[in-house]
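Proteins come first, then strands; the chains are lettered A, B, ... in the order of their sequence lines, and each starts at number 1. Only heavy atoms go into these numbers, but all of them, side chains included; no hydrogens, no water, no symmetry mates. The structure displayed is predicted, hence computed values, not measured ones.
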Amino acid sequence: MSKIQGSAFQLKVWNYLKKIPKGKVCTYGDIAEYIGTKGSARTVGYAMNNSHSKDVPAHRVVNRKGLLTGKHHFDGTNLMQQLLESEGIEVIENQIQNLDSVYWDPTKEL
DNA sequence: TTTCTGACTCGAA
DNA sequence: CTTCGAGCCAGAA
């Protein structure tokens, strides 16, 4: 099994990501706000670096515009896009299409 | 302790 | 359209 350990901040981020349903995505800013550190969207992405060896689906996290800003941290140039498309998410030019349809809003779902 | 970096976001020019 | 600056916070050196 996978070991999920790290700072409290990272644990919150990873736990949040694991709650995202398949075929859905979320943004850094909303995650930060949800875990209590509103405005620390950058720090959320920073925690993702450690998620590289975890079960955290970092590919489901995109920026506000639905742009795959973190794709450069994956292997290859379109791995992140392929992962998203595998879940039924349409991605064109590093940008998620139909963002409103694939965006998972915890404030509405929970 | 300070300083720097970054997978962010928004607003302005 | 693009580019820049400021604000925000966690972690590393």
Interatomic distance, [X] [atom1] vs [N] [atom2] [rounded to whole Å]:
X     : N      : atom1 : atom2 : answer
A:H73 : B:dC8  : NE2   : P     : 7 Å
A:K38 : C:dA10 : NZ    : P     : 15 Å
A:D75 : B:dA7  : CG    : P     : 16 Å
A:N94 : B:dC8  : CG    : C1'   : 17 Å
A:K65 : B:dG11 : NZ    : P     : 10 Å
A:Y46 : B:dC4  : OH    : P     : 16 Å
A:H52 : C:dG11 : NE2   : C1'   : 19 Å

Using only atom types and a distance under 3.5 Å, with no angle test, would you say the side chain of [X] pairs donor to acceptor with the backbone of [Y]?
X     : Y     : answer
A:K71 : A:T77 : yes
A:R64 : A:G29 : no
A:Q97 : A:Q95 : yes
A:K38 : A:Y34 : no

Subject >> Result of checking A:V91, A:L67, A:N63 against A:I96 for side-chain contact (heavy atoms from CB on, under 4.5 Å) >> reply: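 When side-chain contact (heavy atoms from CB on, under 4.5 Å) is applied between A:I96 and each of A:V91, A:L67, A:N63, only A:V91 qualifies.
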Original post:
Does B:dC8 have OP1 or OP2 sitting under 4.0 Å from an N or O in the side chain of A:T69?
Top reply: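 Yes, such a contact exists.
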Subject >> First of A:S40 and A:N50 reached from the 5' end of DNA chain C, by closest nucleotide >> reply: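 It is A:S40, whose closest nucleotide lies nearer the 5' terminus.
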Original post:
Mind checking what makes side-chain hydrogen bond (donor to acceptor under 3.5 Å, both in side chains) contact with A:N78, not counting sequence neighbours?
Top reply: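 For A:N78 there are no side-chain hydrogen bond (donor to acceptor under 3.5 Å, both in side chains) partners, ignoring immediate neighbours.
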**OP:** Could you check which of B:dA7, B:dT9, C:dG11 has an atom nearest any side-chain atom of A:M48?
**Re:**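 Of the options given, the side chain of A:M48 lies nearest B:dA7.
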Check every strand shown and say whether [X] touches a base, only sugar-phosphate, or nothing at a heavy-atom separation below 4.0 Å.
X     : value
A:Y28 : base
A:T43 : base
A:A58 : base

Original post:
Does any donor-acceptor pair link the side chain of A:R64 with the base of B:dC8 at a separation under 3.5 Å?
Top reply: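 Not at all, since no donor on one side and acceptor on the other fall under 3.5 Å apart.
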Original post:
Under the 3.5 Å rule, do the base of C:dG11 and the side chain of A:R42 count as making a donor-acceptor pair?
Top reply: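 It does not, because no donor-acceptor pair links the side chain of A:R42 to the base of C:dG11 below 3.5 Å.
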**OP:** Return the set of residues passing ring pair (Phe, Tyr, Trp, His ring centres under 6.0 Å) with A:F9 (not counting sequence neighbours), or none when no residue passes.
**Re:** none
**OP:** Identify, residue by residue, the members of residues 8-16 of chain A with a heavy atom below 4.0 Å from DNA chain C, and return them in order of residue number, or none.
**Re:**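 Residues of residues 8-16 of chain A that come under 4.0 Å of DNA chain C are, in numerical order, A:F9, A:Q10.
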